[in-house]
Engineer: 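Before we start, here is the structure in question, set down as structure tokens.
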Amino acid sequence: MLIESRGTFVALCHLQQNSVQVRAGQTMTVGDPIGRCGNSGNSTEPHVHIQAGDSADFDRAEAVPITFAGSLPANRQIVDL
């Protein structure tokens with residue numbers, strides 16, 4: 001899943017299969033459900049990988065720092081905005 005906002009692209013990976021609740025081009029606001037946390041990838045625990053960059057091409061994008069409610073969560077901390 002790739003979300004674009006004002007030139008920043010945010011990738012959400014490892015969402016649960018068939019759980020995505022938004023469509024391409026849909027406008028979203030803070031708090032809108034996107035999808036459910038899954039456990040795909042090299043993990044036995046459900047998790048979501050989040051990465052932000054200045055391009056939709058993450059092989060060439062420069063990283064963009066992101067925070068949640070002004071801070072970066074610690075491992076195993078649940079973020080509920």
Side-chain angles (χ1 to χ4, degrees):
M1 150 93 23
L2 191 64
I3 300 169
E4 187 272 331
S5 178
R6 294 183 226 132
T8 297
F9 297 83
V10 179
L12 300 174
C13 305
H14 306 299
L15 295 174
Q16 190 177 85
Q17 189 173 7
N18 300 317
S19 73
V20 175
Q21 299 179 33
V22 294
R23 297 175 312 280
Q26 180 178 336
T27 299
M28 299 168 43
T29 59
V30 173
D32 285 349
I34 297 170
R36 297 181 56 85
C37 181
N39 66 341
S40 64
N42 188 20
S43 176
T44 57
E45 304 265 338
H47 69 286
V48 175
H49 175 97
I50 301 172
Q51 182 174 341
D54 63 357
S55 167
D57 180 356
F58 276 88
D59 289 333
R60 296 193 168 109
E62 292 291 324
V64 173
I66 57 175
T67 61
F68 299 89
S71 65
L72 188 61
N75 283 345
R76 301 193 182 279
Q77 179 181 353
I78 296 172
V79 177
D80 185 11
L81 302 175

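The analysis underlying the following values was restricted to heavy atoms, covering all of them including side chains, and did not include hydrogens, waters or symmetry mates.
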Engineer: Can you list every pair that meets salt bridge (Lys or Arg N to Asp or Glu O under 4.0 Å) and has a residue in residues 54-71, with sequence neighbours left out?
Structural biologist: D57-R60
Engineer: Residues two or more places apart in sequence or in another chain: which of them pass side chain to side chain contact (heavy atoms under 4.5 Å, CB included) with I50?
Structural biologist: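 Applying side chain to side chain contact (heavy atoms under 4.5 Å, CB included) to I50 gives V10, L12, V48, I66, F68.
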Engineer: With a cut-off of 3.5 Å and sequence neighbours excluded, list every side-chain donor-acceptor pair involving residues 17-28.
Structural biologist:
unit_1, atom_1, unit_2, atom_2, d
S19, OG, Q16, O, 2.7
S19, OG, R36, N, 2.9
Q26, OE1, R23, N, 3.0

Engineer: The criterion is ring-ring contact (aromatic ring centres under 6.0 Å, His included); which residues satisfy it with H47, sequence neighbours excluded?
Structural biologist: H14
Engineer: Under the salt bridge (charged side-chain N to carboxylate O under 4.0 Å, His left out) rule, collect the residues that match up with R76, sequence neighbours excluded.
Structural biologist: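 Counting only residues at least two positions away or on another chain, R76 forms no salt bridge (charged side-chain N to carboxylate O under 4.0 Å, His left out).
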Engineer: Could you list the residues that satisfy salt bridge (charged side-chain N to carboxylate O under 4.0 Å, His left out) with D32, not counting sequence neighbours?
Structural biologist: none
Engineer: So which atom in M1 and which in L15 form the shortest heavy-atom distance, rounded to 0.1 Å?
Structural biologist: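 That would be CB-CD1, 4.0 Å.
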Engineer: What residue pairs, at least two apart or across chains, pass side chain to side chain donor-acceptor pair (under 3.5 Å) with a residue in residues 1-11?
Structural biologist: none
Engineer: Which hydrophobic side chains are connected to V64, either touching it within the sub-4.5 Å cutoff or through other members that do?
Structural biologist: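 Via sub-4.5 Å side-chain contacts, V64 links to none.
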Engineer: Nearest heavy-atom pair of C37 and P46: which atoms, and what distance?
Structural biologist: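 For C37 and P46, the tightest heavy-atom pair comes out as SG-C, 3.6 Å.
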Engineer: Identify the two heavy atoms, one from F58 and one from G53, that lie closest to each other, and give their separation to 0.1 Å.
Structural biologist: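 Scanning both residues completely, I find the closest heavy atoms to be CE2-N, 3.6 Å.
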